[in-house]
Every structure is written in C-alpha cells, then in structure tokens.
Amino acid sequence: MSDTYYEFGTAAERWERAQFFFESKEYLVAARILGGLVEEVPEQVAPRLLLARAYYHSARLGRAETELRAVLELDPVEHYARLMLGRTLERQGRQTEASTHLRVAAALSGDFTPAGGA
C-alpha cells in the first residue's frame with residue numbers, strides 16, 4: 001500500500017477506513033490514517049481518541065499519552081480518555097500518576113466505589 005492510499009477520499013471515508021483497520025486490529029495502519037485526520041481536524045475529539053487507542057494497542061505508549069492529554073485539554077470530562085490515560089501510565093510503570101487519573105475516570109463514569117472494594 002502506498003501513502004496515497006491512506007490519503008485518498010474524503011475525511012469521512014478516511015474515518016471509516018481507519019475504524020475498519022482498528023476493528024481489524026491493524027493498529028499501525030489505523031494510526032497512519034488517523035494521524036492525517038487529526039492534523040486536518042485537531043479540534044475533534046473522536047479521531048484523536050481513536051488514534052490514542054491505536055497507539056495504546058500497538059504499545060506506542062508515549063504517543064498514546066500525548067494524544068490522550070490533548071483529548072483531555074479539548075474535553076476535560078471525557079471519562080474514557082481519562083481511564084485510558086490511567087491505563088497508559090500504569091503500563092509505563094507510573095502508578096502514582098495513573099491512580100489519580102483512574103480515580104477521576106471512575107468518578108466521571110459514576111463509579112464512586114472506594115479503591116479496594118466495599
């Protein structure tokens with residue numbers, strides 16, 4: 001596949017193509033497509049969040065963290081981005097930072113159960 005294949009079509013067509021590759025677990029291909037979309041429409045949360053997920057699943061954790069922080073700047077109450085950021089930080093061995101984001105994500109999603117059960 002050439003680079004022009006990824007750039008072909010409207011933004012909506014590229015979004016659908018990126019979702020297809022993501023669902024097919026072709027995370028690197030999805031990330032290539034989504035990277036262009038995010039550059040084109042940086043204010044939109046959905047492409048950036050899916051890009052972060054693609055990075056996370058392809059173990060590109062630094063890039064995932066960067067995109068998730070950008071999502072949270074755009075939408076501070078996006079609980080899934082907050083959860084993913086916590087999980088990303090956990091995978092990087094940054095448990096203290098991660099726990100803060102995980103608690104906020106739980107609160108935003110309505111889960112007020114204290115850590116450790118009860």
query = Between L37 and P47, which heavy-atom pair has the shortest distance, and what is it?
reply = CB-CB, 4.5 Å

Gap separating the CZ atom of R14 from the CD atom of E40, nearest 0.5 angstrom = 4.0 Å

ask   = side-chain contact (heavy atoms from CB on, under 4.5 Å) between T100 and R103: does it pass, once the steps are laid out?
value = CA-CA 5 Å; T100 301; R103 281 194 310 273; 3.7 Å; yes

query = Taking the side chain as C-beta and beyond, is there a heavy-atom pair between H101 and L89 under 4.5 Å?
reply = yes

query = Parallel, tilted or perpendicular for Y27 and H57, by the 30°/60° rule?
reply = parallel

request  = Using a strict 4.0 Å threshold on nitrogen-to-oxygen distance, state whether R53 and E67 make a salt bridge.
outcome  = no

query = Are L50 and L74 joined in one hydrophobic group, where the rule is that I, L, V, M, F, W and Y side chains link up if heavy atoms are under 4.5 Å apart?
reply = no

remark   = Rounded to the nearest 0.5 angstrom, the CE-CG distance for M84 and L72 is 10.5 Å

key: Check: A46 main-chain N/O paired with Q44 side-chain donor or acceptor under 3.5 Å   = no

ask   = When E78 is tested against each of V71, L85, L108 for side chain to side chain contact (heavy atoms under 4.5 Å, CB included), which residue passes?
value = V71

key: Spatial distance of atom CG (L51) from atom CG (L68) [nearest 0.5 Å]   = 9.0 Å

task = Would you kindly confirm whether V38 and Y55 end up in one hydrophobic cluster when ILVMFWY residues are joined by side chain heavy atoms under 4.5 Å apart?
result = yes

key: Shared hydrophobic cluster, L61 / F22 (ILVMFWY, side-chain heavy atoms < 4.5 Å)   = no

note = For A52 and A64 the tightest heavy-atom approach is O-CB, 3.6 Å

task = Check each of R87, R91, R94 against E65 using the salt bridge (charged side-chain N to carboxylate O under 4.0 Å, His left out) test, and report the only one that passes.
result = R94

ask   = What's the shortest heavy-atom distance between R48 and P42, and which atoms?
value = NH2-O, 3.3 Å

ask   = Cationic tip of R17 within the cone over F8's six-membered ring, i.e. under 6.0 Å and within 45° of the normal?
value = no

ask   = How many angstroms lie between atom CD of E16 and atom CD1 of I33, to the nearest 0.5 angstrom?
value = 11.5 Å

query = OH of Y56 to OG of S58: how many Å apart, nearest 0.5 Å?
reply = 11.5 Å

remark   = Here the pair of heavy atoms bringing H79 nearest to S109 is CD2-CB, 3.6 Å

task = May I ask whether L34 and L28 are part of the same hydrophobic cluster, defined by side-chain heavy atoms of I, L, V, M, F, W, Y residues being less than 4.5 angstrom apart, directly or through others?
result = no

remark   = Shortest non-hydrogen pair, A18 vs A30, comes out as O-CB, 3.7 Å

key: CG on L102 to CD on E90, rounded to 0.5 Å   = 5.0 Å

